[in-house]
Number of protein chains: 4
Amino acid sequence: MDKTKEKEQAILKAARERFAQFGFNKSTMDEIASDVELGKASLYYYFPAKEDLFRAVIHHEQDEFVKAIEKILNQNITASKKLFLYVENRLEFFEELLNLGTLNVHSFSNTKSIYKSLFENFHYQELKLIQIIINEGKRKGEFKKHFLQIYRN
Amino acid sequence: MDKTKEKEQAILKAARERFAQFGFNKSTMDEIASDVELGKASLYYYFPAKEDLFRAVIHHEQDEFVKAIEKILNQNITASKKLFLYVENRLEFFEELLNLGTLNVHSFSNTKSIYKSLFENFHYQELKLIQIIINEGKRKGEFKKHFLQIYRN
Amino acid sequence: MDKTKEKEQAILKAARERFAQFGFNKSTMDEIASDVELGKASLYYYFPAKEDLFRAVIHHEQDEFVKAIEKILNQNITASKKLFLYVENRLEFFEELLNLGTLNVHSFSNTKSIYKSLFENFHYQELKLIQIIINEGKRKGEFKKHFLQIYRN
Amino acid sequence: MDKTKEKEQAILKAARERFAQFGFNKSTMDEIASDVELGKASLYYYFPAKEDLFRAVIHHEQDEFVKAIEKILNQNITASKKLFLYVENRLEFFEELLNLGTLNVHSFSNTKSIYKSLFENFHYQELKLIQIIINEGKRKGEFKKHFLQIYRN
DNA sequence: TATGAATGAGCCTTCATTCAT
DNA sequence: CATGAATGAAGGCTCATTCAT
């Protein structure tokens, strides 16, 4: 991994920790910059706006979550168990987002589309994962055939 | 109700709505003042600091919650049902606090005692309410005698 | 003394103490009002502006000083001793004015004439007192005839 | 001298002049910033708080005073004359502090230790200077051996 | 890449002053 | 006489963001 990517990761890590501990508004660019031993202005080279940094953190968390679920999918356990583990992980993830201040950032540039821009792709991935679990459950006879229909609308 | 108390209530209402929609930090005294058609300075006549306004809102919410639970206590239903309703209301209340930004106000004067100063008395009241439900359940034979011991220490 | 004059004196006393302890700017009308158990608005019935209250305090101090000097004049001591006592009192008085914040109130309405409006008459009185002492000294042969000429310009 | 130090000096100069003419409270950060053709916010880049700016001004004045005394010490004059010049300068310096509003800043963070934090080191230096003069006076026979004992305790 | 320096915009808070009652 | 209520104006401070180097 090149130097730039490394710095980027370090910033992301620092930002994640700040956001988690103090929330979005109470974490300043100055502090995050200090954490990674950069000048505040330098942060703007990697992330053109605080909002972008936040988005990156959220997406990173979403990726981690998806990876965790994929790992579960590959385990040799019943679909029911997988569904249970999914729900458990989902709750934890939601709590994390709370800590990051996601729900308090009502003040983004275009308020109405935060949710969309932050979660659109993520929800699509999530649905696919659930679908996989359900299909497996149906195939193995654990769930009834009409157990759950996603993509109905 | 006299004029002053009325204004105070109006301010509290406006503040509650602002906090609920935008969180503590993103709600400004200016906006809240505008909502009740007062100058910003006038707000300070009723509440000496933003934090005080916030405290007042939280305590109001806690009172509402306690009243709701007390109403449930007086209903002619089983203790189990009461316990269920309690939990349900409790969850809703928690969500409301989240919206108000309670959990994101890491920046109060003395960070360590926010929780204490905001919830101390409330928790005491809550324990009493739960105790009442449990006692009733035991008396009526719904719960076993050793169901739950509060105040054990 | 009627009730109004009494209140006025009480306010003056409170103001003097506040100014002496905290200076002009750091003494608020609210505090002074509280000290005499009046509403802030009521202060404005007696003194139409904070500046007026300040002026009144200063003038009161000046009167006290003049009275003290007059008392000295009437004592049965040498003119030299009187002159010495005068200087001593004068220094004390000056220090008091410092405490009241007189020298820091550069910010009155019309900056240039504060000094004038606050001290004009006082200086006139002062000169008269000194003149009396000097004349007495000359008359008694303590001072030479050309000791000091006031009113020269 | 680099640009930053220059700006810092310019700010210090502007602040000193403002404080001297209007006192601490009546000098605003906005005005001082304007004087050096900076935005108010930029002042905070150099001095994190108004109080810090004030402290810096005071310390600068103290340094100037000490330098002036040191210059006197090196002159080829009697110790008595040096002592006289010291007292003269000291009085002037005291007046300057008065003008800066030092004695009217009753409102610092921790009132009791302003004096300490502003003058502690300065007093130590002053004592050393006086000691030097006295020792010289004793050595040259100008002062009696028991003239003055500093550091007696 | 990196940053020192600068700032506009905004926020909380204070306070002398006013005025209807 | 007295004051509750209201406010304009101002001040200190913060912070995301920009830009020349």
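All values below were derived from every heavy atom in this structure, side-chain atoms included, with hydrogens, water molecules and symmetry-related copies excluded. Note that the coordinates shown come from a computational prediction; the quantities given were computed from them, not determined experimentally. Letters A, B, ... mirror the listed sequences (proteins, then strands); counts begin at 1.
- Comparing K50(D) and Y46(B) by the nucleotide of DNA chain F whose heavy atom lies nearest to each, the residue mapping closer to the 5' end is Y46(B).
- Between F122(D) and F93(D), the ring-plane angle classifies as tilted under the 30° and 60° cut-offs.
- A cation-pi arrangement is found for K50(C) relative to F24(C), the charged atom lying closer than 6.0 Å to the ring centre and inside a 45° cone about the ring normal.
- When heavy atoms are screened at a 4.0 angstrom cut-off, K7(B) is found touching the sugar-phosphate backbone but no base atom.
- Of the candidates dT7(E), dG4(F), dT1(E), the closest approach to any side-chain atom of A41(D) belongs to dT7(E).
- The Y45(B) side chain lies nearest to dA6(F) when the options are dC12(E), dA6(F), dA16(F).
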Secondary-structure string, 5' to 3', Watson-Crick or G-U under 3.5 Å, | for another-strand partners, for DNA chain F: .||||||||||||||||||||
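- Using a 4.0 Å heavy-atom cutoff across all strands shown, F47(D) reaches no nucleic acid atom at all.
- Using a 4.0 Å cut-off, no side-chain N or O of T28(A) falls inside it from OP1 or OP2 of dC15(F).
- Between F47(A) and L43(A), every side-chain heavy-atom pair lies at or beyond the 4.5 Å cut-off.
- Between M29(A) and L53(A) the shortest side-chain heavy-atom distance falls below 4.5 Å.
- Ranking dA6(E), dA6(F), dT3(E) by closeness to the S42(A) side chain, first place goes to dT3(E).
- Applying the 4.0 Å criterion to OP1 and OP2 of dT17(E), one finds that Y44(C) has a side-chain N or O inside that range.
- Remark: side-chain polar atoms of Q62(C) are paired, donor with acceptor, to backbone N or O of L118(C) under 3.5 angstrom.
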